[in-house]
There are 2 protein chains.
Amino acid sequence: MIDASSPRTRRHQRTQQAILDAAREIISREGVAALSMRAIAERIDYSPAGLYEYYGGKDEIIAAVCDDAFDQLTQALRSTDPTLPPADYLRECGVNYVRFALENTDAFLLMFTNAPLAAPHPMPVEAMLRQSPAFMVLYDAVQRCVEAGIFTPRPDYDVLAMAVTCWQMVHGMAMLAVTIMRNQPPNLGAYRRSLEVLQAGIAAQ
Amino acid sequence: MIDASSPRTRRHQRTQQAILDAAREIISREGVAALSMRAIAERIDYSPAGLYEYYGGKDEIIAAVCDDAFDQLTQALRSTDPTLPPADYLRECGVNYVRFALENTDAFLLMFTNAPLAAPHPMPVEAMLRQSPAFMVLYDAVQRCVEAGIFTPRPDYDVLAMAVTCWQMVHGMAMLAVTIMRNQPPNLGAYRRSLEVLQAGIAAQ
DNA sequence: AATAAAATCCGAACATCATTCGGAAAAAGA
DNA sequence: TCTTTTTCCGAATGATGTTCGGATTTTATT
(Lines give C-alpha, C1' and ligand atoms only; values in the text may rest on other atoms or scores of the structure.)
Protein backbone atom coordinates (compact mmCIF):
# COMPACT_ATOMS: atom_id res chain seq x y z
CA MET A 1 0.00 0.00 0.00
CA ILE A 2 1.43 3.36 -1.04
CA ASP A 3 1.66 6.04 1.61
CA ALA A 4 -0.31 9.10 0.52
CA SER A 5 2.79 11.18 1.20
CA SER A 6 5.29 8.75 -0.31
CA PRO A 7 7.76 9.97 -2.97
CA ARG A 8 5.95 7.88 -5.57
CA THR A 9 2.58 9.42 -4.72
CA ARG A 10 4.06 12.90 -4.75
CA ARG A 11 5.61 12.24 -8.17
CA HIS A 12 2.26 10.96 -9.41
CA GLN A 13 0.50 14.11 -8.20
CA ARG A 14 3.19 16.32 -9.73
CA THR A 15 2.60 14.65 -13.08
CA GLN A 16 -1.15 15.13 -12.73
CA GLN A 17 -0.52 18.79 -12.02
CA ALA A 18 1.84 19.10 -14.99
CA ILE A 19 -0.88 17.68 -17.24
CA LEU A 20 -3.38 20.25 -16.00
CA ASP A 21 -0.85 23.08 -16.29
CA ALA A 22 -0.12 22.07 -19.87
CA ALA A 23 -3.83 21.88 -20.67
CA ARG A 24 -4.46 25.35 -19.21
CA GLU A 25 -1.57 26.83 -21.15
CA ILE A 26 -2.79 25.38 -24.44
CA ILE A 27 -6.31 26.63 -23.78
CA SER A 28 -5.22 30.17 -22.93
CA ARG A 29 -2.63 30.48 -25.70
CA GLU A 30 -4.33 28.69 -28.57
CA GLY A 31 -7.94 28.20 -27.58
CA VAL A 32 -9.97 25.17 -26.58
CA ALA A 33 -9.98 23.77 -30.10
CA ALA A 34 -6.23 23.26 -29.92
CA LEU A 35 -6.47 21.10 -26.81
CA SER A 36 -5.69 17.47 -27.57
CA MET A 37 -4.11 14.56 -25.75
CA ARG A 38 -1.24 14.72 -28.22
CA ALA A 39 -0.69 18.44 -27.64
CA ILE A 40 -0.66 17.96 -23.87
CA ALA A 41 1.67 14.97 -24.10
CA GLU A 42 4.07 16.82 -26.37
CA ARG A 43 4.23 19.75 -23.99
CA ILE A 44 5.31 17.60 -21.02
CA ASP A 45 7.46 15.09 -22.94
CA TYR A 46 5.06 12.15 -22.59
CA SER A 47 3.34 9.97 -25.12
CA PRO A 48 -0.43 10.36 -25.52
CA ALA A 49 -0.92 6.85 -24.15
CA GLY A 50 1.04 7.70 -21.01
CA LEU A 51 -1.51 10.32 -19.96
CA TYR A 52 -4.07 7.58 -19.35
CA GLU A 53 -2.06 6.53 -16.32
CA TYR A 54 -3.09 9.80 -14.65
CA TYR A 55 -6.50 10.65 -16.09
CA GLY A 56 -9.24 8.49 -17.55
CA GLY A 57 -9.31 10.49 -20.74
CA LYS A 58 -9.58 13.91 -22.31
CA ASP A 59 -12.96 14.65 -20.72
CA GLU A 60 -11.54 14.00 -17.28
CA ILE A 61 -8.66 16.41 -17.88
CA ILE A 62 -11.10 19.06 -19.05
CA ALA A 63 -13.26 18.45 -15.97
CA ALA A 64 -10.25 18.89 -13.71
CA VAL A 65 -9.24 22.10 -15.49
CA CYS A 66 -12.78 23.39 -14.98
CA ASP A 67 -12.81 22.42 -11.30
CA ASP A 68 -9.60 24.40 -10.78
CA ALA A 69 -11.03 27.33 -12.72
CA PHE A 70 -14.17 27.35 -10.55
CA ASP A 71 -11.90 27.44 -7.50
CA GLN A 72 -10.03 30.39 -8.99
CA LEU A 73 -13.31 32.16 -9.75
CA THR A 74 -14.32 31.73 -6.13
CA GLN A 75 -10.96 33.11 -5.04
CA ALA A 76 -11.40 36.07 -7.37
CA LEU A 77 -14.77 36.83 -5.79
CA ARG A 78 -13.41 36.38 -2.27
CA SER A 79 -10.56 38.76 -3.02
CA THR A 80 -13.07 41.62 -3.02
CA ASP A 81 -12.20 44.15 -0.33
CA PRO A 82 -14.42 43.16 2.65
CA THR A 83 -14.05 46.59 4.24
CA LEU A 84 -16.12 48.17 1.48
CA PRO A 85 -19.65 49.33 2.36
CA PRO A 86 -22.14 46.50 1.64
CA ALA A 87 -23.53 47.90 -1.63
CA ASP A 88 -20.05 48.68 -2.95
CA TYR A 89 -18.88 45.23 -1.86
CA LEU A 90 -21.68 43.50 -3.77
CA ARG A 91 -21.01 45.59 -6.87
CA GLU A 92 -17.26 44.94 -6.76
CA CYS A 93 -17.88 41.22 -6.32
CA GLY A 94 -19.80 41.44 -9.58
CA VAL A 95 -17.03 43.39 -11.26
CA ASN A 96 -14.53 40.77 -10.10
CA TYR A 97 -16.73 38.04 -11.65
CA VAL A 98 -16.57 39.81 -15.01
CA ARG A 99 -12.89 40.65 -14.62
CA PHE A 100 -12.13 36.97 -14.01
CA ALA A 101 -13.95 36.09 -17.22
CA LEU A 102 -12.07 38.79 -19.15
CA GLU A 103 -8.74 37.50 -17.86
CA ASN A 104 -9.57 33.86 -18.62
CA THR A 105 -11.81 34.04 -21.66
CA ASP A 106 -11.38 30.56 -23.09
CA ALA A 107 -11.29 28.83 -19.72
CA PHE A 108 -14.43 30.71 -18.66
CA LEU A 109 -16.24 29.62 -21.80
CA LEU A 110 -15.11 26.06 -21.18
CA MET A 111 -16.28 26.18 -17.57
CA PHE A 112 -19.78 27.04 -18.58
CA THR A 113 -20.17 24.90 -21.64
CA ASN A 114 -18.48 21.73 -20.46
CA ALA A 115 -19.05 21.27 -16.76
CA PRO A 116 -22.86 21.55 -16.83
CA LEU A 117 -23.13 18.59 -19.13
CA ALA A 118 -21.55 16.60 -16.35
CA ALA A 119 -24.35 17.43 -13.91
CA PRO A 120 -25.37 14.05 -12.44
CA HIS A 121 -28.82 13.86 -10.92
CA PRO A 122 -31.25 16.76 -10.57
CA MET A 123 -31.68 18.31 -7.14
CA PRO A 124 -33.68 21.20 -5.72
CA VAL A 125 -32.46 24.54 -7.10
CA GLU A 126 -31.57 25.93 -3.69
CA ALA A 127 -29.50 22.89 -2.72
CA MET A 128 -27.64 23.05 -6.02
CA LEU A 129 -26.94 26.77 -5.67
CA ARG A 130 -25.74 26.43 -2.11
CA GLN A 131 -23.20 23.88 -3.27
CA SER A 132 -21.56 26.51 -5.45
CA PRO A 133 -18.88 28.43 -3.48
CA ALA A 134 -18.83 31.22 -6.06
CA PHE A 135 -22.59 31.68 -5.80
CA MET A 136 -22.37 31.69 -2.01
CA VAL A 137 -19.98 34.64 -2.13
CA LEU A 138 -22.64 36.57 -4.04
CA TYR A 139 -25.32 35.33 -1.65
CA ASP A 140 -23.31 36.51 1.37
CA ALA A 141 -22.75 39.87 -0.30
CA VAL A 142 -26.50 40.23 -0.78
CA GLN A 143 -27.07 39.15 2.83
CA ARG A 144 -24.75 41.96 3.95
CA CYS A 145 -26.92 44.44 2.07
CA VAL A 146 -30.02 43.03 3.75
CA GLU A 147 -28.40 43.28 7.18
CA ALA A 148 -27.41 46.87 6.39
CA GLY A 149 -31.01 47.67 5.55
CA ILE A 150 -30.21 48.39 1.89
CA PHE A 151 -32.27 45.45 0.57
CA THR A 152 -35.56 44.26 2.04
CA PRO A 153 -36.55 40.64 1.37
CA ARG A 154 -40.17 40.03 0.40
CA PRO A 155 -42.22 36.86 0.50
CA ASP A 156 -41.97 36.58 -3.29
CA TYR A 157 -38.43 37.88 -3.54
CA ASP A 158 -36.16 36.54 -0.79
CA VAL A 159 -32.40 36.72 -0.35
CA LEU A 160 -31.84 33.68 -2.55
CA ALA A 161 -33.87 35.23 -5.36
CA MET A 162 -31.92 38.48 -5.04
CA ALA A 163 -28.64 36.59 -5.24
CA VAL A 164 -29.84 34.69 -8.29
CA THR A 165 -30.76 37.99 -9.96
CA CYS A 166 -27.26 39.31 -9.32
CA TRP A 167 -25.71 36.13 -10.66
CA GLN A 168 -27.83 36.28 -13.79
CA MET A 169 -26.65 39.82 -14.46
CA VAL A 170 -22.93 39.30 -13.87
CA HIS A 171 -23.03 35.99 -15.74
CA GLY A 172 -24.69 37.68 -18.71
CA MET A 173 -22.04 40.38 -18.70
CA ALA A 174 -19.28 37.80 -18.47
CA MET A 175 -20.68 35.51 -21.17
CA LEU A 176 -21.22 38.41 -23.56
CA ALA A 177 -17.73 39.69 -22.78
CA VAL A 178 -16.06 36.40 -23.73
CA THR A 179 -18.19 35.78 -26.83
CA ILE A 180 -20.01 38.51 -28.76
CA MET A 181 -17.93 41.30 -27.18
CA ARG A 182 -14.65 39.41 -27.19
CA ASN A 183 -13.06 41.78 -29.70
CA GLN A 184 -14.20 44.91 -27.87
CA PRO A 185 -12.10 46.73 -25.30
CA PRO A 186 -13.48 45.87 -21.85
CA ASN A 187 -15.40 48.65 -20.13
CA LEU A 188 -15.51 47.94 -16.41
CA GLY A 189 -17.09 51.32 -15.81
CA ALA A 190 -20.11 50.34 -17.92
CA TYR A 191 -20.35 47.03 -16.06
CA ARG A 192 -20.23 48.92 -12.76
CA ARG A 193 -22.98 51.24 -13.94
CA SER A 194 -25.27 48.34 -14.92
CA LEU A 195 -24.70 46.72 -11.53
CA GLU A 196 -25.63 49.97 -9.79
CA VAL A 197 -28.82 50.06 -11.81
CA LEU A 198 -29.68 46.50 -10.81
CA GLN A 199 -28.90 47.10 -7.16
CA ALA A 200 -31.13 50.19 -7.27
CA GLY A 201 -33.89 47.94 -8.59
CA ILE A 202 -33.39 45.40 -5.83
CA ALA A 203 -33.34 48.18 -3.25
CA ALA A 204 -36.62 49.50 -4.63
CA GLN A 205 -38.45 46.22 -3.95
CA MET B 1 -24.76 31.23 -66.71
CA ILE B 2 -27.35 29.58 -64.48
CA ASP B 3 -30.55 31.48 -63.85
CA ALA B 4 -30.99 32.12 -60.15
CA SER B 5 -34.46 30.64 -60.39
CA SER B 6 -33.53 27.71 -62.65
CA PRO B 7 -34.50 24.15 -61.66
CA ARG B 8 -30.83 23.33 -61.12
CA THR B 9 -30.36 26.28 -58.77
CA ARG B 10 -33.55 25.44 -56.90
CA ARG B 11 -32.40 21.82 -56.49
CA HIS B 12 -29.05 23.06 -55.21
CA GLN B 13 -30.74 25.30 -52.63
CA ARG B 14 -33.06 22.50 -51.57
CA THR B 15 -30.05 20.30 -50.91
CA GLN B 16 -28.37 23.08 -48.93
CA GLN B 17 -31.52 23.39 -46.86
CA ALA B 18 -31.72 19.64 -46.34
CA ILE B 19 -28.17 19.68 -45.01
CA LEU B 20 -29.02 22.42 -42.51
CA ASP B 21 -32.25 20.70 -41.49
CA ALA B 22 -30.34 17.48 -40.87
CA ALA B 23 -27.70 19.34 -38.85
CA ARG B 24 -30.35 21.04 -36.71
CA GLU B 25 -32.12 17.78 -36.06
CA ILE B 26 -28.93 16.04 -34.97
CA ILE B 27 -28.04 18.94 -32.68
CA SER B 28 -31.44 19.06 -31.01
CA ARG B 29 -31.86 15.29 -30.68
CA GLU B 30 -28.35 14.16 -29.81
CA GLY B 31 -26.39 17.29 -28.92
CA VAL B 32 -23.64 19.20 -30.67
CA ALA B 33 -21.07 16.49 -30.00
CA ALA B 34 -22.98 14.11 -32.25
CA LEU B 35 -22.80 16.47 -35.22
CA SER B 36 -20.47 15.15 -37.90
CA MET B 37 -20.24 15.26 -41.68
CA ARG B 38 -20.88 11.52 -41.76
CA ALA B 39 -23.95 11.84 -39.53
CA ILE B 40 -25.40 14.62 -41.69
CA ALA B 41 -24.66 12.73 -44.90
CA GLU B 42 -26.23 9.55 -43.60
CA ARG B 43 -29.39 11.40 -42.66
CA ILE B 44 -29.95 12.77 -46.17
CA ASP B 45 -28.63 9.76 -48.11
CA TYR B 46 -25.45 11.45 -49.32
CA SER B 47 -21.82 10.58 -48.89
CA PRO B 48 -19.70 12.82 -46.65
CA ALA B 49 -17.71 13.94 -49.66
CA GLY B 50 -20.84 15.03 -51.45
CA LEU B 51 -21.60 17.66 -48.83
CA TYR B 52 -18.56 19.64 -49.94
CA GLU B 53 -20.41 20.52 -53.11
CA TYR B 54 -22.81 22.63 -51.00
CA TYR B 55 -20.73 23.89 -48.06
CA GLY B 56 -17.04 24.49 -47.66
CA GLY B 57 -16.85 22.30 -44.59
CA LYS B 58 -18.29 21.52 -41.21
CA ASP B 59 -17.56 24.99 -39.83
CA GLU B 60 -19.53 26.57 -42.64
CA ILE B 61 -22.54 24.34 -41.94
CA ILE B 62 -22.37 25.24 -38.25
CA ALA B 63 -22.15 28.93 -39.15
CA ALA B 64 -25.23 28.63 -41.36
CA VAL B 65 -27.15 26.82 -38.61
CA CYS B 66 -26.23 29.62 -36.21
CA ASP B 67 -27.27 32.31 -38.69
CA ASP B 68 -30.68 30.67 -38.99
CA ALA B 69 -30.94 30.35 -35.23
CA PHE B 70 -30.19 34.06 -34.77
CA ASP B 71 -32.97 34.80 -37.25
CA GLN B 72 -35.32 32.60 -35.24
CA LEU B 73 -34.28 34.33 -32.02
CA THR B 74 -35.11 37.67 -33.62
CA GLN B 75 -38.49 36.30 -34.72
CA ALA B 76 -39.14 35.03 -31.20
CA LEU B 77 -38.47 38.52 -29.81
CA ARG B 78 -40.58 40.18 -32.50
CA SER B 79 -43.46 37.83 -31.72
CA THR B 80 -43.95 39.67 -28.42
CA ASP B 81 -47.42 41.22 -28.27
CA PRO B 82 -46.88 44.84 -29.41
CA THR B 83 -50.14 45.97 -27.83
CA LEU B 84 -48.73 45.41 -24.35
CA PRO B 85 -47.92 48.50 -22.26
CA PRO B 86 -44.24 49.48 -22.81
CA ALA B 87 -42.87 48.09 -19.55
CA ASP B 88 -44.76 44.82 -19.95
CA TYR B 89 -43.63 44.64 -23.57
CA LEU B 90 -39.95 45.02 -22.61
CA ARG B 91 -40.30 42.39 -19.88
CA GLU B 92 -42.06 39.92 -22.17
CA CYS B 93 -39.39 40.43 -24.85
CA GLY B 94 -36.91 39.35 -22.20
CA VAL B 95 -39.01 36.34 -21.25
CA ASN B 96 -39.22 35.37 -24.92
CA TYR B 97 -35.41 35.55 -25.15
CA VAL B 98 -35.11 33.06 -22.30
CA ARG B 99 -37.97 30.93 -23.61
CA PHE B 100 -36.21 30.66 -26.97
CA ALA B 101 -33.07 29.46 -25.20
CA LEU B 102 -35.06 26.92 -23.17
CA GLU B 103 -36.70 25.57 -26.32
CA ASN B 104 -33.43 25.36 -28.25
CA THR B 105 -30.83 24.63 -25.59
CA ASP B 106 -28.08 23.07 -27.69
CA ALA B 107 -28.53 25.43 -30.61
CA PHE B 108 -28.50 28.42 -28.25
CA LEU B 109 -25.26 27.25 -26.68
CA LEU B 110 -23.79 26.76 -30.14
CA MET B 111 -24.91 30.22 -31.24
CA PHE B 112 -23.02 31.88 -28.47
CA THR B 113 -19.90 29.75 -28.38
CA ASN B 114 -19.30 29.28 -32.09
CA ALA B 115 -20.38 32.37 -33.96
CA PRO B 116 -18.41 34.92 -31.89
CA LEU B 117 -15.17 33.27 -32.75
CA ALA B 118 -15.95 34.11 -36.33
CA ALA B 119 -16.09 37.85 -35.62
CA PRO B 120 -13.75 39.39 -38.20
CA HIS B 121 -12.47 42.89 -37.55
CA PRO B 122 -13.24 44.97 -34.46
CA MET B 123 -15.68 47.86 -34.81
CA PRO B 124 -17.17 50.41 -32.46
CA VAL B 125 -19.46 48.77 -29.92
CA GLU B 126 -22.51 50.75 -30.94
CA ALA B 127 -22.09 49.89 -34.63
CA MET B 128 -21.70 46.23 -33.78
CA LEU B 129 -24.78 46.22 -31.54
CA ARG B 130 -26.92 48.01 -34.11
CA GLN B 131 -26.08 45.28 -36.61
CA SER B 132 -27.80 42.74 -34.38
CA PRO B 133 -31.53 42.51 -35.19
CA ALA B 134 -32.24 40.72 -31.90
CA PHE B 135 -30.52 43.47 -29.92
CA MET B 136 -32.43 46.12 -31.85
CA VAL B 137 -35.72 44.59 -30.74
CA LEU B 138 -34.61 45.07 -27.15
CA TYR B 139 -33.36 48.58 -27.97
CA ASP B 140 -36.73 49.51 -29.51
CA ALA B 141 -38.53 48.10 -26.48
CA VAL B 142 -36.39 50.29 -24.21
CA GLN B 143 -37.03 53.26 -26.50
CA ARG B 144 -40.77 52.69 -26.06
CA CYS B 145 -40.33 52.90 -22.29
CA VAL B 146 -38.40 56.14 -22.71
CA GLU B 147 -41.11 57.60 -24.93
CA ALA B 148 -43.72 56.57 -22.37
CA GLY B 149 -41.79 58.43 -19.70
CA ILE B 150 -41.04 55.22 -17.77
CA PHE B 151 -37.24 55.48 -18.31
CA THR B 152 -35.28 58.71 -18.35
CA PRO B 153 -31.96 58.66 -20.25
CA ARG B 154 -29.04 60.36 -18.51
CA PRO B 155 -25.75 61.65 -19.95
CA ASP B 156 -23.94 58.67 -18.42
CA TYR B 157 -26.73 56.17 -19.00
CA ASP B 158 -28.38 56.58 -22.40
CA VAL B 159 -30.87 54.36 -24.24
CA LEU B 160 -28.12 52.19 -25.68
CA ALA B 161 -26.67 51.59 -22.21
CA MET B 162 -30.13 50.70 -20.89
CA ALA B 163 -30.65 48.23 -23.72
CA VAL B 164 -27.26 46.68 -23.08
CA THR B 165 -28.15 46.25 -19.39
CA CYS B 166 -31.35 44.45 -20.37
CA TRP B 167 -29.47 42.24 -22.83
CA GLN B 168 -26.89 41.37 -20.17
CA MET B 169 -29.64 40.27 -17.80
CA VAL B 170 -31.67 38.17 -20.23
CA HIS B 171 -28.52 36.66 -21.73
CA GLY B 172 -27.31 35.69 -18.25
CA MET B 173 -30.63 34.06 -17.51
CA ALA B 174 -30.59 32.22 -20.83
CA MET B 175 -26.98 31.03 -20.55
CA LEU B 176 -27.49 29.79 -16.99
CA ALA B 177 -30.73 28.11 -18.07
CA VAL B 178 -29.01 26.09 -20.82
CA THR B 179 -25.92 25.20 -18.77
CA ILE B 180 -25.81 25.16 -14.97
CA MET B 181 -29.62 25.08 -14.65
CA ARG B 182 -30.23 22.78 -17.58
CA ASN B 183 -31.53 19.98 -15.35
CA GLN B 184 -33.84 22.27 -13.41
CA PRO B 185 -37.49 22.86 -14.30
CA PRO B 186 -37.74 26.28 -15.96
CA ASN B 187 -39.33 29.00 -13.85
CA LEU B 188 -40.53 31.79 -16.13
CA GLY B 189 -42.19 33.48 -13.17
CA ALA B 190 -38.83 33.90 -11.46
CA TYR B 191 -37.33 35.26 -14.69
CA ARG B 192 -40.21 37.70 -14.97
CA ARG B 193 -39.65 38.82 -11.36
CA SER B 194 -35.94 39.48 -11.96
CA LEU B 195 -36.76 41.51 -15.06
CA GLU B 196 -39.24 43.59 -13.09
CA VAL B 197 -36.53 44.27 -10.53
CA LEU B 198 -34.12 45.38 -13.24
CA GLN B 199 -36.68 47.59 -14.94
CA ALA B 200 -37.43 49.18 -11.57
CA GLY B 201 -33.72 49.94 -11.29
CA ILE B 202 -33.59 51.52 -14.74
CA ALA B 203 -36.70 53.54 -13.96
CA ALA B 204 -35.07 54.80 -10.78
CA GLN B 205 -32.13 56.34 -12.69
C1' DA C 1 -29.39 14.23 -82.19
C1' DA C 2 -24.69 14.36 -80.97
C1' DT C 3 -21.03 16.30 -78.53
C1' DA C 4 -18.84 19.08 -75.07
C1' DA C 5 -18.89 21.29 -70.70
C1' DA C 6 -20.44 21.75 -66.12
C1' DA C 7 -22.40 19.97 -62.08
C1' DT C 8 -23.31 16.22 -59.01
C1' DC C 9 -21.95 12.58 -56.32
C1' DC C 10 -18.96 9.04 -54.36
C1' DG C 11 -15.16 5.53 -53.00
C1' DA C 12 -10.91 5.69 -51.35
C1' DA C 13 -7.35 7.81 -49.23
C1' DC C 14 -4.94 10.90 -46.08
C1' DA C 15 -4.03 13.13 -41.72
C1' DT C 16 -5.43 13.72 -37.13
C1' DC C 17 -7.81 12.53 -33.12
C1' DA C 18 -9.16 9.63 -28.60
C1' DT C 19 -8.45 5.49 -26.66
C1' DT C 20 -6.85 0.68 -25.86
C1' DC C 21 -3.56 -3.04 -25.54
C1' DG C 22 0.52 -5.72 -24.99
C1' DG C 23 4.81 -5.30 -23.36
C1' DA C 24 9.42 -3.25 -21.90
C1' DA C 25 11.67 -0.81 -18.31
C1' DA C 26 11.90 1.20 -13.84
C1' DA C 27 10.61 1.42 -9.08
C1' DA C 28 9.10 -0.64 -4.88
C1' DG C 29 8.43 -4.50 -1.75
C1' DA C 30 9.55 -8.97 0.21
C1' DT D 1 18.16 -11.03 -5.41
C1' DC D 2 13.69 -11.95 -6.92
C1' DT D 3 8.88 -10.71 -7.45
C1' DT D 4 5.33 -7.45 -7.89
C1' DT D 5 3.67 -3.07 -9.09
C1' DT D 6 3.92 1.08 -11.52
C1' DT D 7 5.27 3.82 -15.33
C1' DC D 8 5.52 4.70 -19.96
C1' DC D 9 5.18 3.85 -24.90
C1' DG D 10 4.65 2.01 -29.90
C1' DA D 11 1.30 0.33 -32.47
C1' DA D 12 -3.22 -0.45 -33.42
C1' DT D 13 -8.26 0.49 -33.68
C1' DG D 14 -12.13 3.24 -34.80
C1' DA D 15 -13.84 7.75 -35.79
C1' DT D 16 -13.46 12.28 -37.74
C1' DG D 17 -12.79 16.23 -41.44
C1' DT D 18 -11.28 16.88 -45.82
C1' DT D 19 -9.34 16.09 -50.50
C1' DC D 20 -8.88 13.89 -54.97
C1' DG D 21 -9.71 11.39 -59.11
C1' DG D 22 -13.24 9.78 -61.59
C1' DA D 23 -17.99 8.05 -62.86
C1' DT D 24 -22.52 9.66 -63.79
C1' DT D 25 -25.98 13.03 -64.74
C1' DT D 26 -27.51 17.38 -66.33
C1' DT D 27 -27.15 21.35 -69.19
C1' DA D 28 -25.47 23.98 -73.05
C1' DT D 29 -23.78 24.20 -77.64
C1' DT D 30 -23.40 22.82 -82.29
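Note: CG (L51(A)) to C1' (dG10(D)) measures 14 Å, nearest angstrom. What separates OH of Y46(A) from C1' of dA26(C) is a distance of 12 Å, to the nearest Å. A straight line from CD of Q13(B) to C1' of dT8(C) spans 16 Å, rounded to a whole angstrom. The NE2-P distance, from H12(B) to dT26(D), rounds to 16 Å in whole Å. Atom CG in D45(B) sits roughly 18 Å away from atom P in dT8(C) (whole-Å rounding). Regarding R11(B), its CZ atom lies at a distance of 13 Å from the P atom of dT25(D), rounded to whole Å. As a whole-Å value, the separation of E42(B) CD from dG11(C) P is 13 Å. Rounding to whole angstrom units, CD of residue E53(A) and C1' of dG10(D) are separated by 15 Å.
The phosphate of dA5(C) has neither OP1 nor OP2 within less than 4.0 Å of any side-chain N or O from R8(B). Distances shorter than 4.0 Å separate none of the side-chain N or O atoms of R14(A) from OP1 or OP2 on dT7(D).
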For this session: Go through D21(B) and R14(B) one step at a time and tell me if the salt bridge (Lys or Arg N to Asp or Glu O under 4.0 Å) criterion holds.
Result: CA-CA 10 Å; D21(B) 289 345; R14(B) 279 202 298 277; over 6 Å; no
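Applying the ring-ring contact (aromatic ring centres under 6.0 Å, His included) test to pairs two or more places apart or on separate chains, none has a residue in residues 27-50 of chain A.
A donor-acceptor contact shorter than 3.5 Å is absent between the side chain of T105(B) and the backbone of A101(B).
Ring geometry for H171(A) against F108(A) counts as tilted: the plane angle lies between 30° and 60°, on a 0 to 90° scale. Ring-plane geometry between F112(A) and Y97(A) is classed as tilted, the angle between the planes lying from 30 to 60 degrees on a 0 to 90 degree scale.
Of the listed nucleotides (dC10(C), dT8(C), dC9(D)), dC10(C) has the atom at the smallest distance from the side chain of S47(B).
Electrostatic pairing of R24(B) and D68(B) counts as a salt bridge here, judged by a charged N lying under 4.0 Å from a carboxylate O.
Two rings, from F151(A) and Y157(A), have their centers 6.0 Å or more apart.
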Exercise. What is the per-nucleotide protein-contact pattern of nucleotides 13-20 of chain D, from the 5' end, where B denotes a base atom under 4.0 Å from a protein heavy atom, S denotes such proximity for sugar-phosphate atoms only, and - denotes neither?
Worked result: ---BBBBB
